[in-house]
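The structure appears below as structure tokens.
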Amino acid sequence: MTVWNARKTDVDDYSSIDEDFNRIQTSIWQDMLSNKDDVNVKNFFDTASFLFSKTLDTIEDAYTHLRRLRAEESYIDSKMDLYSAADCLDQWNDEKDPRPKLLVIGSGWAAHALLKIVDSLNTGYRVLCVSRKNYFLFTPMLASSSVGTIEFRSIVEPIRDSNPTISFLEGTVVDIDPMNQSVSIILSTDGDISDDEEKKPQLPSINVPYDVVVYACGVRAGGSGGTKVSGVAPSNCHFLKDVSDALRLRVSVGNLFERASRPGILDYERRRLLHFVVVGGGATGVEYIGELSDFLQDVTSKERKGSYAALAPYTSISLIHGGSEILPQFDKALRDKALASLESKGVQVRLNTRVAAVDNPNSIRIYRKERDGSRQEEKIHCGIIVWAAGTAPVPLTNLLLTKLPMTSRKLSQYGRIPVDRWLRVVGAPAGTFFALGDASMIVSGEGGNNDSVLPQTAQVAAQQGAFIARLLNRKYCLSGDNSSDSFLSPPFNEKAKLGDFVEFLKLRGAVEAKPFRFLNLGLLAFLGGGEALSQIQFGDFKLNEAGSTGFLLW
């Protein structure tokens, strides 16, 4: 296995950061003044009020956390006196404990945010998290870790450290029964956290009941806009979804350089080995290309005495993207700057180009659809294929959808679980089932109309996890005051509804829980070479920056 040092930083690239920071401060006011006629005052104050409410929520979360810290030690000591410290299900299965059971499935952004904020000492819930991975991963840094810019240990946090008062069970949930409120779990063996269901041994499962379950399993890599592309599998492609993906990619890239350095290798074979193909021009694909181009610049640079300077003429990067523009979630000006930045680094960007099939780890067939409907396929030979073109539902999500009533399944789109505005799964028993993050989609009304399909990003998942934690902390009745319709009434606080003024003040007047509302804090994307895109958003106002200024904000 080849190991390289973390890439160096060229200090000269950031000499203008001070000037850029001052320009950011002035440009904010210039943009607001120049666009004052376009600013919707009502929307501005609505957003400002919402942001102020979110700030108060954060202060409340901090107070809850500090209070929990003071009580953690005594709680853990009392728990060890009553139950077996080694058996995480001992307290869970205690029939004498009147507290309801809150089961959290997953350890990603949504689950982590919920576990960090939920006050398990005061809400009256026994909390158990079940996941194949006993850590939370800071996914925006995966691309950096795949080339050695940062180490893996810097981007993970043990789930048990996020909240010592909760219990954790490492295992795979293989079945969910929403109506009988139970799950089947296969316990992990020898650290096996593979997503490949066919390679998993058929092990016995255990049955775990719950009162409330939060489903936050996310999605898997390898999707392609709902279409199945032949050959897209771990045996042919590399993905960037987990630490194991980044480690595998890091090792593979290093091995390619060693193979290209062997004696007797012809030049065309060296060019093939060091041709890196990335499929997908979204944030994952573009950021990986940015990190990869920086790495190639470091290890092949004669000025920096790179380890593989002799191989510089043979390296190349190709980006295959099915759309007409890369990074479609960004504004037009930023998309254009990103394209220009990649092309200036020598990246061959092929737009409006789709993948017909991945034949093997070193060969991919692509085509460009013409206006007359015809298409001409082209085969590309390369050393490695990185698939960043989309995601797909995990098998458990597909299974769960079959367990819901037909009326609920009809509301599902893109393989996502339909939830109401309080993130309760439509069609599940009232107040017992929540779905968060990439696996869910908010719908409203009997027709299943959705105001807007939220993006599958860490921002959305984390905010939804925090939202559910606050519902629990504030002791809302999760089922609402009726259960006759598919869409339930809002959760409410029973004490405040009966006139408890102190409880009313604690809830800041929200006797009925307000529905989830996403606060878009903007978008960031690293381009390499000390450049990045930054789209900071506040209501209708946006601050767009690119280049070294964008990198400062990034």
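The shown structure was predicted, so the numbers you read here are calculated from the model rather than taken from an experiment. The residues of the chain are indexed from 1 along the displayed sequence. Below, all heavy atoms of this structure are taken into account, side chains as well, without hydrogens, waters or symmetry copies.
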How far apart are the C-alpha atoms of Ser131 and Ser107, what are their side-chain angles, what is the distance that settles it, and do they pass the side chain to side chain donor-acceptor pair (under 3.5 Å) test?
CA-CA 6 Å; Ser131 176; Ser107 56; 2.9 Å; yes

Heavy atoms of other groups near Lys514 NZ, more than 12 under 6.0 Å
no

Please report the closest heavy-atom contact between Ser120 and Ile166, naming both atoms and the distance.
OG-CG2, 4.3 Å

Please name the residue in the list Val426, Leu400, Val443 that meets the side-chain contact (heavy atoms from CB on, under 4.5 Å) test with Ile417.
Leu400

Please tell me if the side chains of Thr139 and Lys241 come closer than 4.5 Å, counting only heavy atoms from C-beta onward.
no

Is any side-chain N of the basic residue among Asp420 and Arg424 closer than 4.0 Å to the acidic one's carboxylate O?
yes

When every non-hydrogen atom of Lys403 is compared with those of Ile176, the smallest separation belongs to NZ-O, 2.9 Å

Are Glu325 and Asp336 close enough that some pair of their side-chain heavy atoms sits under 4.5 Å apart?
yes

Using ring-ring contact (aromatic ring centres under 6.0 Å, His included) as the criterion, list what pairs up with His321, not counting sequence neighbours.
none

side-chain contact (heavy atoms from CB on, under 4.5 Å) for Arg248 and Ser146? Distances and angles first, verdict last.
CA-CA 8 Å; Arg248 175 174 171 246; Ser146 70; over 6 Å; no

Can you list the steps and then say if Arg220 with Asp242 is a salt bridge (charged side-chain N to carboxylate O under 4.0 Å, His left out)?
CA-CA 10 Å; Arg220 62 179 176 87; Asp242 194 21; over 6 Å; no

Between Val130 and Val208, is any pair of side-chain heavy atoms under 4.5 Å apart?
no

Could you go step by step and tell me if Trp387 and Val278 meet the side-chain contact (heavy atoms from CB on, under 4.5 Å) rule?
CA-CA 6 Å; Trp387 191 273; Val278 179; over 6 Å; no

Apply side-chain contact (heavy atoms from CB on, under 4.5 Å) to Val127 and Thr165, showing your working.
CA-CA 8 Å; Val127 183; Thr165 66; over 6 Å; no

Does Pro158 offer a backbone N or O that forms a donor-acceptor pair with the side chain of Ser162 under 3.5 Å?
no

Between the side chain of Gln181 and the main-chain N/O of Tyr210, is any donor-acceptor distance below 3.5 Å?
yes

Can you see whether Tyr367 has Arg375 sitting over its ring - NZ or CZ less than 6.0 Å from the centre and within 45° of the normal?
yes

With Arg421 as the cation and Phe516 as the aromatic partner, state whether NZ or CZ is under 6.0 Å from the six-membered ring centre and within 45° of the axis.
no

Is a side-chain N or O of Gln459 found less than 3.5 angstrom from the main chain of Gly522, in a donor-acceptor match?
yes

Cation-pi check for Phe492 against Lys497: NZ or CZ below 6.0 Å from the six-membered ring centre and within 45 degrees of the axis, yes or no?
yes

If I compare all heavy atoms of Gly218 with all of Ala439, which pair ends up nearest, and what's the gap?
O-CB, 3.8 Å

With sequence neighbours left out, which residue pairs that include part of residues 230-239 fulfil the side chain to side chain donor-acceptor pair (under 3.5 Å) condition?
His238-Ser252

Any chance you could measure Leu423, atom CG, to Tyr215, atom OH, to the nearest 0.5 Å?
15.0 Å

Could you tell me whether the side chain of Asn180 and the main chain of Ser182 form a donor-acceptor pair under 3.5 Å?
no

Would you give the length of the straight line joining atom CD1 of Ile105 to atom CG of Leu396, rounded to the nearest 0.5 angstrom?
6.5 Å

Between Lys116 and Asp61 (salt bridge meaning N to carboxylate O under 4.0 Å), is one present in this structure?
no

For the pair Arg416 and Asp438, find out whether any cationic side-chain nitrogen is under 4.0 Å from an anionic carboxylate oxygen.
no

Could you check if a side-chain atom of Leu102 sits within less than 4.5 angstrom of a side-chain atom of Arg126, using non-hydrogen atoms only?
no

Hey, does Val183 have a side-chain heavy atom less than 4.5 Å from the side chain of Asp177?
no

Do the side chain of Thr55 and the main chain of Leu51 share a donor and acceptor less than 3.5 angstrom apart?
yes

Kindly compute the distance separating CG (Leu114) from CG (Leu471), expressed to the nearest 0.5 Å.
9.5 Å

Could you walk me through whether Lys54 and Glu60 pass the salt bridge (charged side-chain N to carboxylate O under 4.0 Å, His left out) test, one step at a time?
CA-CA 10 Å; Lys54 296 284 284 187; Glu60 182 180 334; over 6 Å; no

Show, in sequence, the C-alpha distance, side-chain angles and deciding distance for Ser144 and Glu291, and conclude whether the side chain to side chain donor-acceptor pair (under 3.5 Å) test is met.
CA-CA 6 Å; Ser144 300; Glu291 295 286 356; 2.6 Å; yes

Counting neighbours of CZ on Phe50 that are heavy atoms of other residues, nucleotides or ligands and sit closer than 6.0 Å, is the number greater than 12?
yes

Taking the basic N atoms (NZ, or NE/NH1/NH2) and the acidic carboxylate oxygens, is any pair closer than 4.0 Å for Arg335 and Asp331?
no

Indicate yes or no: at least one non-hydrogen side-chain atom of Val286 is less than 4.5 angstrom from one of Leu533.
no

When you measure from the side chain of Thr432 to the backbone N and O of Pro429, does any donor-acceptor pair fall under 3.5 Å?
yes

Between Ala356 and Val229 the two heavy atoms that sit nearest each other are O-CG1, 4.0 Å

ring-ring contact (aromatic ring centres under 6.0 Å, His included) between Trp109 and Phe138, worked out:
CA-CA 8 Å; Trp109 284 90; Phe138 190 77; 5.4 Å; yes

Between SG of Cys237 and CD1 of Ile364, what distance do you get to the nearest 0.5 Å?
6.5 Å

Tell me, yes or no, whether the heavy-atom count around Glu494 atom CD, taken from other residues, nucleotides or ligands under 6.0 Å, exceeds 12.
no

Side-chain (Trp92) to main-chain (Leu103) donor-acceptor, under 3.5 angstrom
no

Okay, side chain of Arg350, backbone of Leu319: is any donor-acceptor separation there less than 3.5 Å?
no

Note, Lys475 side chain near Pro491 side chain (heavy atom, < 4.5 Å)
no

With sequence neighbours excluded, residues passing ring-ring contact (aromatic ring centres under 6.0 Å, His included) with Phe504:
none

Is a side-chain N or O of Asp119 found less than 3.5 angstrom from the main chain of Asn473, in a donor-acceptor match?
no

Glu157 side chain to Leu137 backbone, donor-acceptor under 3.5 Å
no

Kindly compute the distance separating CG (Leu128) from CD1 (Ile185), expressed to the nearest 0.5 Å.
6.5 Å

Report the C-alpha distance between Asp161 and Phe136 in whole Å, list the side-chain angles of each, state the deciding distance to 0.1 Å, and finish with yes or no for side-chain contact (heavy atoms from CB on, under 4.5 Å).
CA-CA 10 Å; Asp161 289 352; Phe136 163 71; over 6 Å; no

Less than 4.0 angstrom from a charged side-chain N to a carboxylate O is my criterion; do Arg474 and Asp57 meet it?
yes

Could you measure the distance from the CG atom of Asp97 to the CD atom of Gln91? Nearest 0.5 Å is fine.
6.0 Å

May I ask you to test the Phe467-Trp422 pair for a side-chain heavy-atom distance under 4.5 Å?
yes

Between Gly106 and Ala111, the two heavy atoms sitting closest are O-CB, 3.2 Å

